[in-house]
2 protein chains.
Amino acid sequence: MVETRRQQIDSVAGALFRERGYAATSVRDIAQRSGIQGASLYAHVASKEDVLWSIVQGAARRFHDAASAVSEHTDLTAADRLRRMIQAHVAVVTDDLGQASVFLHEWRHLSDSRRAAVLAARDTYERRFRQVIEDGQRSGGFATVEAGLVTRAILDALNGICGWYRPDGRSSPTQIADHYAELFIHALKSTPEDPP
Amino acid sequence: MVETRRQQIDSVAGALFRERGYAATSVRDIAQRSGIQGASLYAHVASKEDVLWSIVQGAARRFHDAASAVSEHTDLTAADRLRRMIQAHVAVVTDDLGQASVFLHEWRHLSDSRRAAVLAARDTYERRFRQVIEDGQRSGGFATVEAGLVTRAILDALNGICGWYRPDGRSSPTQIADHYAELFIHALKSTPEDPP
């Protein structure tokens with residue numbers, strides 16, 4: 001794929017934000033690594049925060065699109081939908097670790113209104129997972145555990161993959177996704193009664 | 001408990017690092033919020049990195065001590081030891097969210113040798129969890145899943161609590177810990193065969 005200049009800037013900035021953190025990265029650093037003269041970067045972006053915002057929006061869209069594609073399969077059982085949502089999430093995380101990691105950890109540096117938009121998008125995304133778990137509870141396959149807590153456990157475990165996954169490591173993204181899906185589906189199916 | 005000046009500095013700095021990130025916090029910020037004149041802070045600490053190091057060491061010690069106390073109970077089943085380790089971890093995380101969060105997210109800003117020490121300590125800690133899972137697999141209670149991946153899923157889920165736990169929220173630390181422990185123990189017990 002031919003990257004536009006703008007995509008290239010997001011990609012370079014994403015890697016820098018991930019390495020050093022947003023606060024410790026300057027517009028000059030981004031320009032230098034992109035091979036752009038300092039001032040000319042402003043022909044492409046209005047500010048450092050705009051670069052962060054672009055990265056965060058791109059990642060949020062990929063997570064959203066991946067989950068939406070699964071939600072359409074209303075013919076599937078809740079367990080199968082949860083499995084596919086976990087697989088889709090792991091694919092987005094491992095496909096671009098830099099962008100996913102910046103989305104997950106650096107969004108706090110956005111301005112108030114943008115931060116609020118990110119929180120709203122994350123809530124919507126989290127509700128999709130929770131919905132599938134609650135569907136599974138209604139249809140009898142899943143135990144009546146606290147769906148909100150399980151949703152958080154699943155998403156935190158999936159997002160944590162950002163911190164340790166290596167493309168040259170022992171497990172492929174597909175293997176990791178399948179293991180995690182099995183683990184959480186069995187966890188949901190097996191709990192025999194309400195926990196204390 | 002009466003805090004020493006040094007403990008107070010760690011506590012104030014921990015909160016600032018958590019809010020703004022390490023890179024965006026200055027020694028002057030720490031001094032100001034501690035009510036200390038800028039230069040006099042250096043009577044207590046050698047550098048900003050030393051404050052981070054002190055916080056990280058303190059948190060690492062609390063996690064280590066909590067897990068060590070459980071490991072001594074060799075009379076317990078693997079499931080009961082795992083439950084207690086999860087409970088101990090959640091207690092450390094929720095007891096001081098600021099320090100735990102800085103330990104988990106800001107340690108990357110330490111110098112190379114200190115970062116290596118943190119990584120070694122985290123490996124040791126992770127091995128304790130993995131060991132309990134492998135013990136459970138040998139004694140027959142746990143299925144033969146990939147112990148390394150399950151360990152990561154558990155620890156990432158437990159560490160993620162830092163990001164959403166609120167002291168005034170719906171669930172107490174004990175309730176969260178009990179839910180998570182049940183979830184993962186059932187997940188481990190239920191998987192009937194090796195995943196694909």
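Below, chains carry the letters A, B, ... as their sequence lines are ordered, and counting in each starts from 1. FYI, side chains are in, hydrogens and waters are out, and symmetry mates aren't considered; it's all heavy atoms of this structure.
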Donor-acceptor side-chain pairing of B:Ser68 and B:Asp65 below 3.5 angstrom: no

Which portion of B:Ile154 sits near chain A, non-hydrogen atoms under 4.5 angstrom: neither

B:Arg20 bridged to B:Asp29 by N-O distance under 4.0 Å: yes

Which atoms of B:Ser171 approach chain A - backbone, side chain, both or neither, heavy atom under 4.5 Å: side chain

Largest heavy-atom contact set with chain B, pairs under 4.5 Å, which of A:Gly21, A:Ala153, A:Gly148, A:Ala23: A:Ala153

A:Glu19/A:Arg33 salt bridge by N-O under 4.0 Å criterion: yes

Chain B contact via A:Tyr22 - side chain, backbone, both or neither, heavy atoms under 4.5 Å: neither

Ionic contact status for B:Glu106 with B:Arg18, cut-off 4.0 Å: no

